[in-house]
Structures are given as structure tokens and as C-alpha cells.
Amino acid sequence: MAVDTEVLIDWFADVGRDLPWREPDCSAWGVLVSEIMLQQTPVSRVQPIWLEWMARWPVPSALAAETTGEVVRAWGKLGYPRRALRLHAAATVIAQEHGDVVPSDVDTLLALPGIGAYTARAVAAFAYGKRAPVVDTNVRRVVARAVHGAGDAGPASNTRDMADVEALLPAEDAPAAKLSAALMELGALICTARSPKCAECPIYAECAWQHNGRPEYAGPAKPVQKFAGTDRQVRGLLLDVLRGSEGPVEKARLDLVWHESGQRDRCLDSLLVDGLLEQTPDGLFALPGEH
DNA sequence: AAGCCGTGGTA
DNA sequence: TTACCAAGGCT
């Protein structure tokens with residue numbers, strides 16, 4: 001067997017990080033907020049913001065009562081600020097339709113904005129101790145190596161990836177949820193993308209990748225996202241002006257952040273369309289609700 | 001379903 | 001320095 005469930009669960013209990021959203025008294029809301037923030041953003045950058053949010057908005061209805069502009073401002077530089085809008089929208093639905101209680105059912109979670117296949121199951125498992133295949137980039141890499149003997153995971157295939165993990169999960173809810181956390185932690189701490197620490201791996205002896213002689217990744221090349229010069233960069237620069245200002249600003253101020261006017265205006269428009277910015281009646285630009 | 005959506009750390 | 005990487009989701 002390529003994955004020794006009990007060994008992994010014990011390993012996680014031993015060396016798993018003491019992250020605040022893993023504390024036994026952390027609410028399901030706290031878990032949900034952490035999962036959204038952690039989408040594509042490292043733990044070290046999420047932790048301080050998460051602590052601020054929990055102190056300020058301890059329940060979904062508290063966040064829902066804020067303007068989206070204030071939420072975007074508090075999101076800071078975590079990146080992908082549309083996540084903040086979706087979390088605000090999810091909090092609103094939870095407050096209004098679910099009695100301010102984060103749902104525990106995967107399908108109900110999936111219906112909320114910003115919650116996809118990973119996050120829905122992560123909340124079910126980590127907040128409610130349910131058995132659900134939690135598949136993120138770490139787990140995909142661990143399974144690719146330990147189970148399939150490959151150097152890394154190929155392109156994601158939701159159905160197949162979840163079936164792979166499902167097959168590893170113990171039958172009972174509690175140990176299954178523990179294993180889900182352990183698989184993620186193994187990928188984050190040991191079975192990393194670059195320079196995996198195989199000498200410290202709790203399942204080294206059973207790992208199919210080791211048995212295969214640690215072959216290099218042989219799948220299709222993974223697309224590399226550019227950043228410099230993209231709309232993503234320009235949108236970030238524009239939004240950063242508003243995050244750093246008390247109130248609305250004139251367009252001339254925004255024009256300073258990027259030289260190419262066509263791209264600049266396209267990005268400004270897309271921010272308005274997304275609801276990350278608003279235009280005031282007198283033509284200034286502001287975070288939504290902050291004027 | 002391939003590409004877009006931020007930001008910063010690391011090798 | 002460039003390139004890769006980081007608890008994805010949406011269209």
C-alpha cells in the first residue's frame with residue numbers, strides 16, 4: 001500500500017503546524033475565511049490578515065454588514081481581490097438564508113459564490129469533520145508521487161483526482177477528515193514541488209515514486225503565467241491607489257500608474273464591471289460604497 | 001476547457 | 001534576473 005493512513009494521521013498530529021484556523025475552537029466561519037484567503041496565497045501572508053478579520057468580523061453577518069469597499073480594503077494585498085467580493089457575497093447568503101451558520105453539506109457549500117470543489121470539501125472536512133475528498137495542489141502532488149509513482153501531478157482532472165483521494169480515505173468521518181489534513185500538510189511541508197524532503201517523509205517506505213526510482217515529471221509542460229505587463233498587474237496597480245487613499249480619487253491620479261492609456265482604461269473599466277471600484281456621481285473613482 | 005484573475009517570496 | 005510557486009474558482 002502506497003499510503004499508510006494511520007502513519008500519516010499520527011505524523012500530522014506530531015508535526016502539523018499550529019495554525020490558528022486549526023485550533024479546536026475555531027468556528028466554521030473561521031475555517032471558511034481561511035480557505036478562501038489561502039486560495040493561491042501562502043500561509044505566511046494569510047495569517048495576519050485572517051487574525052484581523054476574525055477579530056473584526058467574527059460571524060458571517062458581521063462581514064455582510066460591511067460595504068464591499070471596506071472588505072476589499074481589508075483584504076489588503078492578498079491578491080485576487082475578487083475573492084473578497086465573493087466572500088462578502090457568500091457571507092450575505094449565509095446570514096440571510098442559513099441563519100448565520102456556515103453550511104456543512106458539500107452541495108450547499110458549492111452553491112455559494114467563490115466556493116468550488118476544493119473549498120466546499122475542505123470546509124466540510126476541516127470545520128465539520130466530515131469524510132470528503134479534499135483535493136488541492138498539494139494533495140494532487142502527493143497522490144501523483146506516492147500512489148502513481150510519477151514525479152508530479154499532470155493537468156487537473158476533478159473527477160479522477162477526487163476518486164483517487166476517495167479511495168484513500170478511511171470509512172469513518174473523523175479519521176477521514178484527519179487524513180485529508182495530513183495529506184495536504186505532507187504536500188506543504190515534505191512532498192513539496194521543489195526539493196521534496198523525502199528523508200523526512202513518514203511514508204517514504206511505501207512511496208511509489210521512490211519504488212520507481214524517482215522519475216522526472218513526464219507529463220505536458222505546465223503553462224507559465226506571465227505577470228509583468230498584463231492586465232492583472234495594471235488592475236493591481238489601479239486598485240492599490242484606492243486602497244491607499246481615504247476617499248475617491250480623480251482619474252488623473254489613476255492615469256499615473258500605467259503609461260499605456262488603452263490598457264489602463266480597459267483595466268479601469270473591468271474593475272468597475274467586477275464591482276471592485278465605483279464611479280461617483282461627480283466622476284471620481286472609489287472603492288464600492290465608500291462615497 | 002484553456003486562460004484569466006494579484007502579489008510576493010525563493011532559487 | 002527570470003521563472004517558478006503558493007490550501008482555486010470562474011467563464
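So that the names make sense, note that chain A is the first sequence line, chain B the second, and so on, each numbered from 1.
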In whole Å, what separates the P atom of C:dC4 from that of B:dG3?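 Between the two P atoms, the distance is 16 Å.
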Is any N or O donor-acceptor pair between the side chain of A:R45 and the base of B:dT7 shorter than 3.5 Å?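 It does, because a donor-acceptor pair links the side chain of A:R45 to the base of B:dT7 below 3.5 Å.
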Within the 4.0 Å heavy-atom criterion, would you say A:P81 contacts the bases, only the backbone, or no part of the nucleic acid?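 A:P81: backbone/sugar contact only, no base atoms under 4.0 Å.
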Spacing of A:M184 atom CE relative to C:dA6 atom P, expressed in whole Å: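 Answer to the nearest Å: 12 Å.
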Whole angstrom is fine here: how far is it from CG in A:L238 over to C1' in B:dT7?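 My rounded result for the distance is 15 Å.
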Does C:dA7 have OP1 or OP2 under 4.0 Å away from a side-chain N or O of A:Q39? no
On the nucleotide C:dA7, are OP1 or OP2 found under 4.0 Å from the side-chain N or O atoms that A:S34 carries?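 Answer no for this pair, as no side-chain N or O of A:S34 is under 4.0 Å from OP1 or OP2.
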Considering just the side-chain nitrogens and oxygens of A:K77, establish if one lies under 4.0 Å of OP1 or OP2 belonging to B:dG8.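 A:K77 to B:dG8 OP1/OP2: side-chain N or O found under 4.0 Å.
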Quick check: any donor-acceptor pair below 3.5 Å linking the side-chain of A:T137 to the base of C:dG8? no
Do A:K222 and A:Y217 meet the cation-pi criteria used here (NZ or CZ under 6.0 Å from the six-membered ring centre, within 45° of the axis)? yes
Of the listed nucleotides (C:dA7, B:dG6, C:dG9), which one gets closest to any side-chain atom of A:V43? C:dA7
Name the residue closer to the 5' end of DNA chain C, choosing between A:R86 and A:L38 according to the nucleotide with the nearest heavy atom.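 By nearest-heavy-atom nucleotide position, the 5'-most residue is A:L38.
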Using a cut-off of 4.0 Å on non-hydrogen atoms, how would the nucleic acid contact of A:R243 be classed: base, sugar-phosphate, or nothing?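 A:R243: backbone/sugar contact only, no base atoms under 4.0 Å.
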When you measure from the centre of the six-membered ring of A:W258, is the NZ or CZ of A:R264 under 6.0 Å away and within 45° of the axis?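 No, A:R264 does not sit over the ring of A:W258.
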Length of the CZ-P vector between A:F227 and B:dG6, whole Å: 9 Å
Can a side chain N or O of A:R141 be found less than 4.0 Å away from OP1 or OP2 on C:dA6? yes
Does any non-hydrogen side-chain atom of A:V165 lie less than 4.5 Å from one of A:V139? yes
Mind checking A:G79 for me? I need base, sugar-phosphate or nothing, with any heavy atom below 4.0 Å counting as a touch.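 Contact class for A:G79: base.
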Would you mind classifying the nucleic acid contact of A:D231 as base, sugar-phosphate or nothing, using non-hydrogen atoms under 4.0 angstrom?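 Here A:D231 touches the backbone only, sparing every base.
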Start with the C-alpha gap between A:T230 and A:R235, add the side-chain angles, then the distance that decides, and say whether side chain to side chain donor-acceptor pair (under 3.5 Å) holds. CA-CA 9 Å; A:T230 62; A:R235 284 166 53 104; over 6 Å; no
In whole angstrom, give me the gap between the C1' atoms of B:dA2 and C:dA7. 22 Å
Report the distance from atom CE of A:M37 to atom P of C:dG9, rounded to the nearest whole Å.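 Nearest whole value for this atom pair: 16 Å.
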If you assign A:W21 and A:P113 each to the DNA chain C nucleotide with the nearest heavy atom, which residue ends up on the more 5' nucleotide?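 By nearest-heavy-atom nucleotide position, the 5'-most residue is A:W21.
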Rounding to a whole Å, what distance do you find between A:R232:CZ and C:dC5:P? 15 Å
Could you check how far CZ of A:R17 sits from P of C:dA7, rounded to whole Å?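 One finds 8 Å between P of C:dA7 and CZ of A:R17, rounded.
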OP1 or OP2 of C:dA3 versus the side-chain N and O atoms of A:K226: is any pair under 4.0 Å?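 Yes, A:K226 has a side-chain N/O under 4.0 Å of OP1/OP2 on C:dA3.
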Base B:dC5 paired with A:Q225 side chain (donor-acceptor, <3.5 Å):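 Pair found.
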I need the CD1-C1' distance between A:I36 and C:dC10, as an integer number of Å.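 Distance check: A:I36 CD1 to C:dC10 C1' gives 13 Å.
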Please give, in whole Å, the distance from B:dT7 C1' to A:L78 CG?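 In whole Å, B:dT7 C1' lies 9 Å from A:L78 CG.
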Proximity to the side chain of A:V224 - top-ranked nucleotide from C:dC5, C:dC4, C:dA7: C:dC4
At 4.0 Å (heavy atoms only), tell me whether A:L19 reaches a base, stays on the sugar-phosphate, or touches nothing.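 Base contact.
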Within the structure shown, what part of the strands sits under 4.0 Å from A:A122 by heavy-atom distance: base, sugar-phosphate, or nothing?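 Touches nothing.
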Under 4.0 Å from OP1 or OP2 of B:dG6: is there any side-chain N or O of A:R235 that close?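 For B:dG6, OP1 or OP2 has a side-chain N or O of A:R235 closer than 4.0 Å.
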Within the 4.0 Å heavy-atom criterion, would you say A:T119 contacts the bases, only the backbone, or no part of the nucleic acid? sugar-phosphate
Quick check: does any side chain N or O of A:R121 sit under 3.5 Å from a backbone N or O of A:A117, one acting as donor and the other as acceptor?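 At least one qualifying donor-acceptor pair exists.
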Under 4.0 angstrom, heavy atoms only, what part of the nucleic acid is A:A117 near: base, sugar-phosphate, or nothing? sugar-phosphate
Should A:D240 and A:R243 count as an ion pair when the cut-off is N to O under 4.0 Å?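 Salt bridge flag = yes for A:R243 with A:D240.
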I'd like to know if the side chain of A:R141 and the backbone of A:A153 have a donor-acceptor N/O pair within less than 3.5 Å. no
